[in-house]
Amino acid sequence: MELIFRPRRLRRQATLRKMVQETHLRREDFIYPMFVAPGQGVRQAVDAMPGVCRLSVDQLLKEAREVADLGLPAVLLFGLPQKKDETGSEAAAPKGAVQQAVRRLKKEVPALLVITDVCLCGYTSHGHCGLIQGGEVDNDATLEALAQVALSHAEAGADMVAPSDMMDGRVGAIREALDERGFEMLPIMSYAVKYASSFYGPFREAAECAPAFGDRRAYQMDPANAREALKEAALDVEEGADILMVKPALPYLDIVAQLAGEFDLPIAAYQVSGEYAMIKAAAQKGWLNEEAVMLESLTSIKRAGADLILTYFAKQAAALLK
Ligand code: PBG
């Protein structure tokens with residue numbers, strides 16, 4: 001009789017399936033992004049991101065305790081200013097919402113690792129990620145501003161900084177500034193490969209950072225490019241990045257896999273607001289099973305090679321994995 005190989009032999013029993021399962025999600029894999037707003041008692045829901053709110057520091061602390069109690073290791077903070085201006089000056093303010101949140105979190109929820117997003121777009125009146133000169137984002141002028149933002153986060157006590165602006169040379173500029181001020185042990189998680197993606201739509205509502213003119217294609221990557229992603233990642237490694245991030249996640253799993261194969265640094269993937277919104281919306285309509293699709297997409301991101309996943313589903317996933 002002809003011998004046929006039968007992969008189904010290992011799929012017949014739940015116990016055996018579990019034994020041969022290759023990818024496992026852990027609560028420690030997740031980083032939960034949060035939005036810090038100025039003021040007191042602020043809790044503003046973000047329409048296209050059910051379950052996500054902009055929170056003032058007092059409210060953020062409450063939710064952060066919940067995050068820690070769920071066994072999640074880390075949060076990523078995005079800030080909103082009191083007032084936006086041309087240069088995004090409040091981004092580096094020692095008393096800014098993010099800086100205050102970091103200080104309080106490190107004191108009151110010490111188990112939680114606090115990562116801060118370093119960018120200007122939430123703070124500039126024009127909504128771009130850098131300083132505008134002659135109608136476009138001036139790369140080199142922006143570097144110094146970003147270094148100041150990163151330093152202000154470090155001084156507040158952040159455990160890691162995560163530049164998301166996509167200026168050339170920013171990891172190096174931030175590394176140098178941190179080292180000069182005695183923060184040589186503070187790691188940088190670089191948004192090394194960040195695409196100019198339409199999946200960021202809901203986030204721009206949350207951070208009120210949609211560009212007032214033009215778009216971000218002059219600094220974020222073209223979704224059509226893969227080899228360029230390897231170049232971007234290599235540059236960030238040279239400049240001193242400690243963790244490389246790919247963003248968005250699910251539509252770019254090929255890039256996640258390539259980076260995981262090429263580089264020996266930990267790889268993070270950001271399941272962005274639009275990815276979250278799609279699952280939430282379909283689930284609300286009863287068109288998809290939310291929990292199952294959430295776990296499947298997170299598993300896929302990890303299977304592709306991500307060591308860390310930034311996701312608005314972190315709390316929900318952690319509760320299921322407990
Ligand atoms: C800003 C920033 C964005 C996101 C993270 N940092 C938006 C953008 O680049 O327009 C997107 C996150 C998400 O969609 O969840 N530099």
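What you see is a predicted model, and the numbers here were worked out from it, not measured in a lab. Computation of the quantities below employed the complete heavy-atom set of this structure, encompassing side-chain atoms and omitting hydrogens, waters and symmetry-equivalent molecules. Each ligand, and each atom within it, is numbered from 1 in the order the structure gives.
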**OP:** Take the angle between the ring planes of F203 and F78 and call it parallel below 30°, perpendicular above 60°, tilted in between.
**Re:** perpendicular
Original post:
Y252 vs Y195 aromatic rings, parallel, tilted or perpendicular, using cut-offs 30° and 60°?
Top reply: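 Y252 vs Y195 ring planes: parallel.
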Subject >> Nearest-neighbour protein heavy atom for atom 8 (C) of ligand 1, which is reported as residue plus atom name and distance >> reply: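 Minimum-distance protein heavy atom for atom 8 (C) of ligand 1 reads R216 NE, 3.4 Å.
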Original post:
Any idea which protein heavy atom is nearest atom 14 (O) of ligand 1, and the distance to it?
Top reply: S273 OG, 2.7 Å
So if I count the atoms of ligand 1 from 1 in the order they appear, which ones are less than 4.0 Å from some heavy atom of [X]?
X    : answer
Y312 : 12 (C), 13 (C), 15 (O)
C119 : 16 (N)
F78  : 5 (C), 6 (N)
R204 : 8 (C), 10 (O)

Subject >> Nearest-option assignment for atom 4 (C) of ligand 1, heavy atoms, candidates Q220, K247, E205 >> reply: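 Closest candidate by heavy-atom distance is K247.
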**OP:** For atom 12 (C) of ligand 1, state which one of Y191, Y200, F203 supplies the nearest heavy atom.
**Re:**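 The nearest heavy atom belongs to F203.
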**OP:** Determine, stepwise, if the pair S297 / E275 fulfils side chain to side chain donor-acceptor pair (under 3.5 Å).
**Re:** CA-CA 9 Å; S297 60; E275 298 178 67; over 6 Å; no
Subject >> Shortest non-hydrogen contact from V46 toward P202 >> reply: CG1-O, 4.1 Å
Original post:
What are the two closest non-hydrogen atoms of S152 and A92, and how far apart are they?
Top reply: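 Taking every non-hydrogen atom into account, CB-O, 3.4 Å.
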**OP:** Please work out whether any backbone atom (N, CA, C, O) or any side-chain heavy atom from C-beta onward of C121 is under 4.0 Å from ligand 1, and answer side chain, backbone, both or neither.
**Re:** side chain
Subject >> Ion pair check, K106 and D159, cut-off under 4.0 Å >> reply: yes
Original post:
Do the numbers put K280 on top of the ring of Y312, so that NZ or CZ is under 6.0 Å from the six-membered ring centre and no more than 45° off the axis?
Top reply: no
Original post:
Hey, does the Lys NZ or Arg CZ of K194 hover above the aromatic six-ring of Y270, less than 6.0 Å from the centre and inside 45° of the axis?
Top reply: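 No cation-pi geometry.
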**OP:** Measure the distances from the heavy atoms of K194 to every atom of ligand 1 and state whether one is below 4.0 angstrom.
**Re:**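 For ligand 1, residue contact (heavy atoms, under 4.0 Å) with K194 is present.
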Original post:
For ligand 1, is there an N or O atom under 3.5 Å from any N or O atom of S164?
Top reply: yes
